[in-house]
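One structure is given below, encoded as structure tokens.
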Amino acid sequence: MADILPKGYEPHDVEVRWRTHWEENKTFSPSPDAPGESYSIVIPPPNVTGALHMGHALNLTLIDVLCRHARQKGKNVLWVPGTDHAGIATQNVVERVLAKEGKKRTDLGREAFVQRVWQWREEYGHRILKQIAALGASVDWDRLRFTMDEGLSAAVRKVFVQLYNEGLIYKGDYIINWCSRCHTALADDEVEHEPSKGRLWKARYELTDGSGTIVVATTRPETIPGDTAVCVHPEDARYAAFIGKKVRVPVIGREVPVIADAYVEREFGTGALKVTPCHDHNDWLLGSRHKLEFLQVIDEDGIMKTEAGPYAGLTKQECREKIVADMEVAGLLEGVEDLEHAVGHCYRCHTVVEPHVSTQWFVATTKMAPAARAAVPAATQIFPESWLKTYYHWLDNIRDWCISRQIWWGHRIPAWTCQDCGRLIVAEEAPDVCPDCGSSRLVQDEDVLDTWFSSSLWPFSTMGWPDDTKELSRWYPTSVLVTGFDILFFWVARMIMMGQHFMKEMPFRHVYMHALVRDASGRKMSKSTGNVIDPLEMINKYGCDALRFTLTAFAAMGRDIRLSEERIEGYRHFVNKLWNAARFTLMNLPETAPQAVDLHTIQGLHHQWILHRLECVKAEMDSALDDYRFNDAAQLGYKFLWNEFCDWYLELIKPDMQSEDVARRETAQYVLWLVLRELVILLHPIMPFVTAEIWQALPVAQGQKAGDLALEPYPAARPHCLRPDEAARMELIQGVIVAVRTIKAELGISPSHKVSLLLHPADAAQQALLEENRGLMLTLARLESLDMGMNLEAPKASASAVVQGCQIIVPLRGAVDLAGELARLDKEMQKLEKDLTGVNIKLSNESFVSRAPAEVVERERARAAQLADAREKLTALRARFAEALAEE
RNA sequence: GGGCAGUUAGCUCAGUUGGUAGAGCACCGCCUUCACACGGCGGGGGCCACAGGUUCAAGUCCUGUACUGCCCACCA
């Protein structure tokens with residue numbers, strides 16, 4: 001007998017051992033020269049500052065399932081790991097650390113601060129990597145990358161310079177989103193709009209010619225000093241006479257024109273709009289369209305500038321209060337009402353974002369969008385498809401991408417300005433002198449690039465671009481990008497643009513967008529709400545495989561995941577079930593692998609059945625993973641292991657294992673060994689640790705050593721094992737067993753109490769089948785005796801059932817509740833009657849019989865016949881039983 | 001305002017081309033059966049949100065309604 005595993009699966013030691021084994025053996029570091037079709041995935045790089053959360057856990061699990069499966073299929077698999085420097089997020093974290101020391105970043109100065117961030121990264125950057133490893137991710141640690149490492153930084157500079165030279169990067173004064181807390185510009189999609197309660201003030205703008213007033217509605221009175229026009233709809237009769245005239249800005253007194261633009265919504269507010277081009281995105285457009293004056297009155301710290309006249313020096317909030325009060329005194333305030341409207345917040349620190357005009361760098365994504373649009377789904381497919389529309393919509397409405405950030409942590413923009421002649425130099429390396437005037441007084445641009453700029457190069461920069469590396473030719477483009485839909489725009493769309501532009505090829509063939517992980521009541525998990533389920537804690541409590549299986553089983557396409565701890569606990573039971581199935585197997589196998597049996601000629605319905613089922617599951621699981629139907633794959637494994645292999649097969653072979661007949665025992669041992677082996681391979685991508693451990697314990701041929709399951713190929717198909725007819729016959733045996741069990745349970749007979757069973761088969765063929773498999777029924781139904789025949793003399797006082805036309809008769813002896821059996825039969829017959837009526841209605845429907853496919857009609861006819869037969873037999877059995885009752 | 005999902009057993013969710021409604025957990029019985037009580041066996045529980053339509057046949061396809069959630073958006 002082989003080594004016996006511990007009774008309960010204890011994940012921790014097993015996980016540590018295998019993780020170490022895989023790392024030390026570089027099992028997942030592929031050679032570009034190795035054979036096999038290329039398969040590659042780049043990790044969505046987590047923030048260096050980050051800690052692993054459930055979103056990562058889901059993402060990494062799914063990618064790992066794909067990678068391990070691809071390896072099994074003989075592909076040459078590269079999974080590139082790495083982290084993102086996460087500009088604003090990381091800078092904020094380190095600033096908070098400094099704040100605890102009572103310092104600000106400006107106290108340190110730029111260089112010292114950046115040093116400090118690097119130092120911080122040295123200390124804490126490993127945490128997230130360890131956590132990725134803890135999840136069992138089969139990444140190639142030799143190819144670990146960081147968005148700010150030397151190679152990637154060089155790639156960033158090269159891309160920047162080339163795009164600049166091609167006119168796809170430009171610098172200019174535009175209105176952007178400004179976070180006064182982070183003190184930087186933000187891209188459009190870094191602003192989160194949230195409904196907030198605000199107020200709508202109505203201010204009077206008097207016409208300079210005294211011919212009247214226009215009342216204007218605003219939510220931001222503090223911008224009044226920056227007004228350079230009032231705008232109405234060109235067809236609005238109320239204001240037609242005012243167009244072209246001038247009005248006086250309240251309190252300020254400055255004269256501004258009344259202009260007309262169809263953009264104005266006549267129904268909203270008063271139908272008149274004040275235009276502040278420097279402090280509102282729409283007004284910026286209006287200002288450009290109508291060539292208005294651009295007057296900036298709020299600075300980047302949220303303080304009113306000198307241009308704000310009497311309000312200079314006040315904060316935005318102070319200015320708002322004062323200007324409202326002043327208008328009231330001046331009688332220029334018409335009213336105030338409450339208003340619910342969307343206000344933009346910084347996605348990193350949640351401060352209200354201020355539209356702000358400043359000099360920034362932009363990528364002309366408006367020019368790159370059409371190609372990115374056209375390539376999907378032609379060159380790259382998105383799963384689930386429903387995201388396609390969203391992708392198109394975003395590209396169709398895209399604006400140029402503001403890439404400069406006024407922070408210190410990140411890739412510094414490779415642009416220098418000559419202090420003497422003003423020449424702007426954009427170059428990959430710092431120039432020594434100005435090419436125009438020869439001056440060496442060159443000053444580099446203070447800004448750094450948006451984090452997503454370097455992320456957008458990730459699929460090729462991690463593989464060594466711009467160098468012509470083996471990795472690039474072997475593994476670019478990548479096979480699939482797996483990520484949450486929340487970064488479709490931030491990341492996926494931009495990677496597509498950059499990949500197309502620089503590699504002339506899409507960066508991935510497929511995009512699989514998975515759901516967001518939410519808590520049990522559907523809320524987004526977040527630290528502040530305190531509803532976070534920590535993956536590492538779950539791994540500690542239930543084991544990594546249980547967590548991974550849970551996430552895989554939940555990952556149905558296009559749906560959010562509501563995770564609860566109970567569910568993980570539930571799947572821990574599944575892991576344990578597998579473990580114990582393996583223990584049973586080991587207890588019943590010899591030291592070395594059992595002698596092979598010819599599966600073409602193998603006898604024994606139960607063997608034929610389980611081999612048949614195994615073939616089905618192999619094929620189905622394979623195609624489920626090919627289609628990214630992760631939940632189906634998990635479900636298939638679950639059901640096969642538990643409901644077929646454990647519940648039936650292991651029970652069915654117990655008598656074989658006790659048998660004196662050596663051939664019979666050895667056949668069972670071989671099939672058992674083979675099915676468990678392959679099942680363990682199938683489950684390995686989802687549950688790598690427990691399966692690797694079991695694999696290693698399974699006996700192998702004399703003189704051989706158990707290998708590493710991670711290197712084991714997917715089991716080849718065995719078409720000759722597909723035996724649908726035998727599998728169907730198995731259902732009769734199972735039906736008989738279940739019927740006896742049900743009778744026992746419902747009549748209060750102890751399951752372990754052995755009863756006699758009489759079978760009255762439907763025909764001779766059935767009788768032969770039953771006779772052949774009497775052993776199976778004897779054990780699983782726990783029978784004392786089993787008699788069968790067409791002319792059996794059954795005692796009247798018997799419980800009965802009908803399965804596939806076979807009458808099942810269990811003579812009742814002793815203190816059995818006879819009335820209970822009558823009730824049970826009645827219930828059974830009621831159900832039969834209901835089904836039969838349903839089928840008959842269908843069959844008596846002329847158009848069904850004539851229009852439905854013949855095979856469907858045939859199936860219904862057969863079913864009707866069977867139901868009628870069962871009813872007839874049960875009626876007779878019930879009548880006999882009633883007689884017995886009466887005789888009592 | 002536009003777009004996209006979801007609405008199936010008490011709870012969380014499956015349900016691949018339309019063809020007899022499923023799982024896990026929870027619940028109710030019975031069981032110390034020699035792999036597993038993280039277990040076994042059996043059972044109860046559903047007008048598949050609502051209203052129409054297509055079809056011999058609809059949880060599944062179409063239209064509309066309601067509610068929930070998400071994304072996008074330049075109504076101040």
Side-chain angles (χ1 to χ4, degrees), chain A residues 4-5 7-9 189 193 200 216-220 223 231 263-276 280-286 339 341-342 384 386-387 389-390 393-394 397 485-486 488-489 516 518 520 522-524 542 546 553-554 556 558-564 566-567 569-588 623-624 627 629 631-632 635 638-639 643 646-647 650-651 654 658 738 741-746 748-752 779 782 835 838-839 842 845-853 855-857 859-860 863:
Chain A
I4 293 184
L5 304 168
K7 188 169 170 179
Y9 174 60
D189 45 17
H193 289 93
L200 192 62
V216 164
T218 180
T219 52
R220 303 186 57 212
T223 63
C231 188
Y263 157 70
V264 175
E265 205 65 52
R266 274 171 282 186
E267 285 70 35
F268 188 87
T270 60
L273 174 71
K274 70 184 210 54
V275 186
T276 322
D280 185 281
H281 288 100
N282 314 312
D283 294 6
W284 168 269
L285 295 174
L286 280 175
L339 178 78
H341 65 144
S386 54
W387 285 102
K389 267 194 179 178
T390 313
H393 183 262
W394 187 74
N397 294 283
F485 59 75
D486 49 331
L488 174 64
F489 310 135
L516 247 45
R518 300 174 178 281
R523 294 170 306 175
K524 211 166 172 170
Y542 306 109
F554 258 123
R559 253 223 180 199
D560 281 353
I561 294 175
R562 293 192 185 198
L563 192 68
S564 66
E566 292 75 47
R567 195 73 184 241
E569 193 181 354
Y571 284 121
R572 176 185 57 166
H573 300 173
F574 176 67
V575 177
N576 196 56
K577 188 76 178 176
L578 172 62
W579 183 254
N580 277 289
R583 283 185 68 221
F584 173 83
T585 304
L586 290 173
M587 287 173 176
N588 287 286
S623 74
D627 299 345
R629 287 181 285 116
N631 58 321
D632 285 350
Q635 182 90 334
Y638 188 99
K639 287 191 161 175
N643 303 125
C646 290
D647 287 351
L650 295 188
E651 297 304 323
K654 279 177 181 174
Q658 308 303 322
V738 168
R741 283 173 178 169
T742 307
I743 286 171
K744 283 192 192 177
E746 302 236 318
I749 302 168
S750 163
S752 57
T779 338
R782 294 179 162 269
D835 289 354
V839 183
K842 226 177 191 179
N845 182 346
E846 193 55 43
S847 40
F848 170 73
V849 179
S850 58
R851 298 199 195 197
E855 58 174 62
V856 173
V857 178
R859 198 161 60 226
E860 291 299 315
R863 185 159 169 255

With RNA chain B as reference, determine whether A:K842 or A:R567 sits nearer its 5' end, using the nearest nucleotide of each.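 Comparing both residues, the 5'-ward one is A:R567.
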If you pin A:H193 and A:T270 to their nearest nucleotides in RNA chain B, which one's is more 5'?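 Upstream on the strand: A:H193.
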What nucleotide, of [options], holds the atom closest to the side chain of [X]?
X      : options             : result
A:N631 : B:U55, B:A76, B:G15 : B:G15
A:R851 : B:A76, B:G19, B:U55 : B:U55
A:V856 : B:U20, B:G19, B:A14 : B:G19

First locate atom CD of A:E651, then atom CZ of A:F584, and finally report the distance between them rounded to the nearest 0.5 Å.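 One gets 7.5 Å once the value is rounded to the nearest 0.5 Å.
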Between [X] and [Y], which heavy-atom pair has the shortest distance, and what is it?
X      : Y      : result
A:V857 : A:F848 : CG2-O, 4.0 Å
A:R567 : A:F554 : CG-CE1, 3.3 Å
A:K274 : A:V216 : N-CG1, 3.4 Å
A:A553 : A:N631 : O-CB, 3.3 Å
A:G271 : A:V264 : O-CG1, 3.3 Å

Test item: A:E860 and A:V849 side chains (from C-beta on) under 4.5 Å apart, heavy atoms: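 Not touching, per the 4.5 Å side-chain cut-off.
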What interatomic distance, in whole Å, is found between [atom1] of [M] and the corresponding atom of [N]?
N     : M     : atom1 : value
B:G18 : B:U60 : P     : 11 Å
B:C48 : B:A5  : P     : 23 Å
B:A51 : B:G43 : C1'   : 37 Å
B:A26 : B:A9  : C1'   : 11 Å
B:A23 : B:C67 : P     : 34 Å
B:A14 : B:C56 : P     : 32 Å
B:A49 : B:G42 : P     : 31 Å
B:A58 : B:G44 : P     : 27 Å

Please lay out, stage by stage, how A:F485 and A:T390 fare under the test side chain to side chain contact (heavy atoms under 4.5 Å, CB included). CA-CA 10 Å; A:F485 59 75; A:T390 313; over 6 Å; no
In terms of ring plane angle, is the pair A:Y571 and A:Y638 parallel, tilted or perpendicular, where the classes change at 30° and 60°?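 Geometry flag for A:Y638 against A:Y571: perpendicular rings.
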Determine which nucleotide pairs with [N], using a 3.5 Å limit on both distances of a Watson-Crick or G-U wobble pair.
N     : answer
B:C75 : none
B:G59 : none
B:C41 : B:G29
B:G24 : B:C11
B:U68 : B:A5

Rounded off to whole Å, could you give me the [atom1]-to-[atom2] distance for the [X] and [N] pair?
X      : N     : atom1 : atom2 : value
A:F554 : B:U12 : CZ    : P     : 10 Å
A:F489 : B:C72 : CZ    : P     : 6 Å
A:L200 : B:C75 : CG    : P     : 14 Å
A:F485 : B:C72 : CZ    : C1'   : 13 Å
A:D283 : B:C75 : CG    : P     : 12 Å
A:L285 : B:A76 : CG    : C1'   : 14 Å
A:D280 : B:C74 : CG    : P     : 10 Å
A:Y571 : B:A14 : OH    : P     : 11 Å

Nucleotide-resolved protein contact map, nucleotides 29-45 of chain B, B/S/- at heavy-atom distance under 4.0 Å: -S--B-BBSBSSSSS--
Is there a donor-acceptor contact under 3.5 Å from the side chain of [X] to the main chain of [Y]?
X      : Y      : result
A:D280 : A:N282 : yes
A:N580 : A:N576 : yes
A:K744 : A:R782 : yes

Once you apply a heavy-atom cut-off of 4.0 Å, does A:R859 come out as touching a base, just sugar-phosphate, or nothing?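 A:R859: backbone/sugar contact only, no base atoms under 4.0 Å.
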Answer with base, sugar-phosphate or nothing: what part of the nucleic acid does A:H393 contact at a heavy-atom distance below 4.0 Å?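 Answer is sugar-phosphate: A:H393 comes under 4.0 Å of backbone atoms only.
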Below the 4.0 Å mark, does B:A76 have OP1 or OP2 next to a side-chain nitrogen or oxygen of A:K274?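 For B:A76, neither OP1 nor OP2 has a side-chain N or O of A:K274 closer than 4.0 Å.
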Please write out the pairs of protein N or O atoms and N or O atoms of nucleotides 60-62 of chain B separated by less than 3.5 Å, giving the distance to one decimal.
none

